[in-house]
Novice: 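Take this structure, written in structure tokens, and hold onto it; I'll ask about it next.
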Amino acid sequence: MTDARIINPKEWPKPIGYSNGVVASGPMLYLGGQVAFDTKGEVVGEGDLVLQFEQVMKNLQTVCKAGGSSLKDVVKLTIFVQDRDDYKAKGRELGAVYRQYFGRHYPAMTLVEVARFYETKVLIEIEGIAVADRSCDND
């Protein structure tokens with residue numbers, strides 16, 4: 001994992017599943033919004049938020065690897081969902097999938113409910129920021 005310091009003010013309640021802030025240094029990898037596309041550009045898990053979330057995790061992992069980092073180097077995630085209530089209702093299942101990829105690493109996170117996505121079958125999109133390896137050349 002990158003050299004990062006988690007920021008959670010002591011006078012605030014302890015966050016569950018995220019951090020309030022992260023101090024990190026080094027070259028940054030900006031992760032464009034990832035949706036549940038497979039390697040053929042088809043949406044995985046139509047109508048199933050948990051399956052789509054798992055595909056998004058795979059896609060984030062692939063982009064991190066290509067950028068010379070890993071999911072443990074992610075310092076910020078923004079999660080966009082079409083249905084906040086569905087996301088909350090499936091929190092345990094989503095958390096289990098999250099931990100398969102991130103373990104107990106919780107970057108700063110934001111959850112946003114949106115009216116719709118560019119691709120009509122998409123239920124979730126996640127973008128982020130990671131610290132990358134300076135030596136990575138993926139052109």
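All figures in this text were calculated on a predicted structure; none of them were measured in a lab. In what follows, residues are counted from 1 in the order of the sequence shown. Values below: every heavy atom of this structure, side chains too, minus hydrogens, waters and symmetry copies.
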Novice: If you count every heavy atom of other residues, nucleotides or ligands that lies below 6.0 Å from Lys90 atom NZ, does the total exceed 12?
Specialist: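 Enclosed.
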Novice: Measure the shortest side-chain to side-chain distance between Glu54 and Val44 over non-hydrogen atoms and say whether it is less than 4.5 angstrom.
Specialist: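 They are not in contact (no side-chain heavy atoms under 4.5 Å apart), so the answer is no.
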Novice: As an exercise, state the distance from OG1 of Thr39 to NZ of Lys58, rounded to the nearest 0.5 Å.
Specialist: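 Reported value, rounded in 0.5 Å steps: 10.0 Å.
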Novice: Hey, what's the ring geometry for Tyr106 with Tyr98, parallel, tilted or perpendicular (30° and 60° as the breaks)?
Specialist: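 Judged by the thresholds at 30° and 60°, the geometry between Tyr106 and Tyr98 is parallel.
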Novice: Do Val63 and Val43 belong together in a cluster built from hydrophobic side chains that touch within less than 4.5 Å?
Specialist: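 Unlinked, Val63 and Val43 end up in two clusters.
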Novice: Do the side chains of Pro9 and Asn20 get nearer than 4.5 Å, heavy atoms only?
Specialist: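 Yes, at least one pair of side-chain atoms sits under 4.5 Å.
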Novice: Ring centres of Phe117 and Phe80 under 6.0 Å apart?
Specialist: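 Not close enough - the centres of the two rings lie 6.0 Å or further apart.
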Novice: Quick one: are Lys76 and Met109 in side-chain contact, heavy atoms under 4.5 Å?
Specialist: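 No, too far: nothing below the 4.5 Å cut-off.
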Novice: Identify, with sequence neighbours excluded, every residue that meets ring-ring contact (aromatic ring centres under 6.0 Å, His included) alongside Tyr101.
Specialist: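 With neighbours one apart ignored, the set is empty.
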Novice: Hey, quick one: are Val81 and Leu51 part of the same hydrophobic cluster, counting side-chain heavy atoms closer than 4.5 Å, chains of contacts allowed?
Specialist: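 Val81 does not cluster with Leu51.
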Novice: For the pair Met28 and Tyr30, evaluate side chain to side chain contact (heavy atoms under 4.5 Å, CB included) and give the outcome as yes or no after the intermediate values.
Specialist: CA-CA 6 Å; Met28 305 314 271; Tyr30 295 88; 3.6 Å; yes
Novice: Return yes if some donor-acceptor pair links the side-chain N/O of Ser19 with the main-chain N/O of Gly21 below 3.5 Å, else return no.
Specialist: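 Here the side-chain-to-backbone pair does not exist.
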Novice: Let me see the working for Val35 and Glu119 under side chain to side chain contact (heavy atoms under 4.5 Å, CB included), right down to the final yes or no.
Specialist: CA-CA 9 Å; Val35 297; Glu119 170 59 52; 5.7 Å; no
Novice: Answer yes if Leu49 and Leu111 sit in the same cluster of Ile, Leu, Val, Met, Phe, Trp and Tyr residues linked by side chain heavy atoms under 4.5 Å apart, and no otherwise.
Specialist: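 Result: yes, single cluster for both.
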Novice: Would you say the side chain of Tyr87 lies within less than 4.5 Å of the side chain of Glu113, judging by non-hydrogen atoms?
Specialist: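 No, every pair of side-chain atoms sits at 4.5 Å or beyond.
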Novice: If you compare all heavy atoms of Val74 against all heavy atoms of His105, which two are closest, and at what distance to 0.1 Å?
Specialist: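 Closest heavy-atom pair between Val74 and His105: O-NE2, 2.7 Å.
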Novice: State the OG-CD1 distance between Ser69 and Ile129, to the nearest 0.5 angstrom.
Specialist: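 So the gap between those two atoms works out to 12.0 Å.
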Novice: Looking only at heavy atoms, which two atoms of Ile124 and Val122 are closest? And how far apart?
Specialist: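 Scanning both residues, the minimum pair turns out to be O-CG1, 3.3 Å.
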Novice: With distance as the sole test, does Lys72 use its side chain to make a donor-acceptor pair with the main-chain N or O of Phe102 at under 3.5 Å?
Specialist: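 Answer holds: yes.
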Novice: For a 4.5 angstrom cut-off between non-hydrogen side-chain atoms, does Thr62 reach Gln34?
Specialist: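 No, every pair of side-chain atoms sits at 4.5 Å or beyond.
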Novice: May I ask you to test the Leu29-Val131 pair for a side-chain heavy-atom distance under 4.5 Å?
Specialist: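 Not in contact.
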Novice: Treating Ile, Leu, Val, Met, Phe, Trp and Tyr as nodes and any side-chain heavy-atom pair under 4.5 angstrom as an edge, say whether Val97 and Leu31 lie in one connected cluster.
Specialist: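 As far as the 4.5 Å side-chain criterion goes, Leu31 and Val97 are connected within one cluster.
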Novice: Between atom NZ of Lys65 and atom CG of Leu71, what is the distance when rounded to the nearest 0.5 Å?
Specialist: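 Rounded to the nearest 0.5 Å, the NZ-CG separation comes to 11.5 Å.
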Novice: Do the side chain of Glu127 and the main chain of Glu125 share a donor and acceptor less than 3.5 angstrom apart?
Specialist: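 A pair under 3.5 Å: no.
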Novice: Is there a side chain to side chain contact (heavy atoms under 4.5 Å, CB included) between Arg99 and Arg104 once you walk through the steps?
Specialist: CA-CA 6 Å; Arg99 286 186 297 281; Arg104 297 283 180 191; 3.3 Å; yes
Novice: Does the side chain of Leu123 come within less than 4.5 Å of Asp83's, by heavy atoms?
Specialist: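 No, their side chains stay 4.5 Å or more apart.
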Novice: Kindly indicate whether the side chain of Asn59, heavy atoms from C-beta on, has any atom under 4.5 Å from the side chain of Gln61.
Specialist: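 Of all side-chain heavy-atom pairs linking Gln61 with Asn59, none is under 4.5 Å.
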Novice: Apply side chain to side chain contact (heavy atoms under 4.5 Å, CB included) to the pair Ile79 and Val112, showing each step before the final yes or no.
Specialist: CA-CA 6 Å; Ile79 304 168; Val112 180; over 6 Å; no
Novice: I need the minimum non-hydrogen distance between Leu94 and Phe53, along with the two atoms involved.
Specialist: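 Smallest heavy-atom distance, with atoms named: O-CE2, 3.4 Å.
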Novice: Can you tell me how far the OG1 atom of Thr78 sits from the CD1 atom of Ile126, to the nearest 0.5 Å?
Specialist: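 If we round to the nearest 0.5 Å, Thr78:OG1 and Ile126:CD1 are 9.5 Å apart.
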Novice: Does a donor on one side chain sit under 3.5 Å from an acceptor on the other, for Gln52 and Asp48?
Specialist: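 There is no such pair between these side chains.
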